[in-house]
Amino acid sequence: QVQLVESGGGLVQAGGSLRLSCAASGRTFSSYALGWFRQAPGKEREFVAAITRTGRTTSYPDSLEGRFTISRDSAKNMVYLQMNSLEPEDTAVYYCAATTRWMTREADEYDYWGRGTQVTVSS
């Protein structure tokens, strides 16, 4: 079992950057692929990024490619989301999730979820 705790959210102006962190507990952290999702008020949960167990392969939706970067540090049981050139449309609660699958963009294929961290981008 894995417990996930996100941090690093906050208020930032458009064009700014934030780095989200997700701390994972459990000895089997390296057994899980990880993902980031976000959910804005009144909208469905949206895939943001994913990374395989080894960290060698990542995945992003086309709309975020080039602005967001996911990475992991298995020695520290951490996964990160670097977000650059932020836009007001990026405002949402951001969630970290873990899956036993190789990698997936589907939220219902993730087994464990954090409680989320709020990101607000002002115009």
Side-chain angles (χ1 to χ4, degrees):
Q1 189 166 352
V2 177
Q3 294 181 333
L4 304 168
V5 180
E6 302 93 338
S7 62
L11 175 64
V12 63
Q13 288 188 335
S17 299
L18 277 177
R19 188 176 84 152
L20 304 183
S21 300
C22 177
S25 64
R27 299 178 182 175
T28 59
F29 174 75
S30 60
S31 299
Y32 294 89
L34 300 163
W36 285 95
F37 291 79
R38 67 186 183 185
Q39 189 165 19
K43 295 187 177 181
E44 293 187 352
R45 192 164 293 192
E46 176 187 17
F47 169 71
V48 172
I51 190 166
T52 56
R53 283 171 281 185
T54 63
R56 293 177 186 152
T57 304
T58 58
S59 177
Y60 307 91
D62 291 344
S63 59
L64 298 179
E65 186 84 51
R67 290 199 300 125
F68 287 17
T69 303
I70 187 172
S71 61
R72 67 187 293 166
D73 185 338
S74 292
K76 296 181 179 179
N77 282 12
M78 297 290 293
V79 60
Y80 305 100
L81 183 69
Q82 178 67 43
M83 305 185 294
N84 299 326
S85 302
L86 284 163
E87 304 167 353
E89 293 73 23
D90 296 317
T91 295
V93 177
Y94 284 71
Y95 298 90
C96 173
T99 178
T100 55
R101 295 177 180 265
W102 179 74
M103 186 168 63
T104 177
R105 297 183 173 199
E106 300 299 324
D108 60 6
E109 293 179 350
Y110 282 80
D111 305 292
Y112 303 102
W113 291 83
R115 294 189 175 183
T117 185
Q118 175 71 47
V119 171
T120 303
V121 184
S122 63
S123 58

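Given the structure is predicted, the values throughout are model-derived calculations rather than measurements. Worth knowing before you read on, the calculation uses all heavy atoms, side chains too, and leaves out hydrogens, waters and symmetry mates.
With hydrogens and angles disregarded, no donor-acceptor distance shorter than 3.5 Å links the side chain of Tyr32 to the backbone of Ala97. Using modelled atom types, one side-chain atom of Glu6 and one backbone atom of Gly116 make a donor-acceptor pair closer than 3.5 Å. Proximity of a side-chain donor or acceptor of Thr99 to a complementary backbone N or O of Glu109 within less than 3.5 Å is detected. Without hydrogens or angle criteria, Arg72 side chain to Thr52 main chain gives a donor-acceptor distance under 3.5 Å. Listed for the Arg105 side chain is no donor-acceptor partner under 3.5 Å among the backbone atoms of Glu46.
Ser122 is listed as a side-chain neighbour of Gln13, based on a closest heavy-atom distance under 4.5 Å. In this structure the side chain of Asp90 reaches within 4.5 angstrom of the side chain of Leu64, judged on heavy atoms. At least one side-chain heavy atom of Tyr60 sits under 4.5 Å from a side-chain heavy atom of Thr69. Using a 4.5 Å heavy-atom threshold, the side chains of Arg67 and Glu87 count as touching. Counting heavy atoms from C-beta outward, Arg45 and Trp113 have side chains that approach closer than 4.5 Å. Leu81 is not listed as a side-chain neighbour of Arg38, based on a closest heavy-atom distance of 4.5 Å or more. Side-chain contact check for Thr28 versus Gln1: every heavy-atom pair is 4.5 Å or farther apart. Using a 4.5 Å cut-off on side-chain heavy atoms (C-beta onward), Gln82 and Ser71 make no contact.
In this structure, CG on Leu20 lies 8.0 Å from CZ on Phe68, to the nearest 0.5 angstrom. Between atom NZ of residue Lys76 and atom OG of residue Ser21 there is a gap of 10.0 Å, rounded to the nearest 0.5 Å. Atom-to-atom distance recorded for Gln118:CD and Thr91:OG1 is 7.0 Å, nearest 0.5 angstrom.
By the rule that hydrophobic residues join a cluster once side-chain heavy atoms approach within less than 4.5 Å of another member, Tyr94 and Val12 end up as members of one cluster. Clustering ILVMFWY residues whenever any of their side-chain heavy atoms sit less than 4.5 angstrom apart, transitively, puts Leu34 in a cluster other than the one holding Tyr110. Note on Trp36: it does not cluster hydrophobically with Tyr95, by side-chain heavy-atom contacts below 4.5 Å among ILVMFWY residues.
For the residue pair Leu18 and Leu86, the shortest heavy atom distance occurs at N-CD1, 3.8 Å. Heavy-atom minimum distance, Leu4 versus Val2: CD2-CG1, 3.5 Å. Scanning both residues, Asn84 and Ser17, for their nearest heavy atoms gives OD1-OG, 3.0 Å. The shortest heavy-atom contact between Asp73 and Phe29 is O-CE2, 4.1 Å. Residues Thr57 and Met103 share a closest heavy-atom pair of CG2-CE, 3.7 Å. Val79 and Cys96 get closest at one heavy-atom pair: CG1-SG, 3.6 Å.
Within a 6.0 Å sphere centred on CG of Asp62, heavy atoms belonging to other residues, nucleotides or ligands number 12 at most. Remark: Gln3 CD is loosely packed, at most 12 non-hydrogen atoms of other residues, nucleotides or ligands lying under 6.0 Å away.
Geometrically, Arg19 engages Tyr80 in a cation-pi contact, judged by NZ or CZ lying under 6.0 Å from the ring centre and within 45° of the ring axis.
Ring geometry for Phe37 versus Phe47: interplanar angle over 60°, hence perpendicular rather than tilted (30 to 60°).
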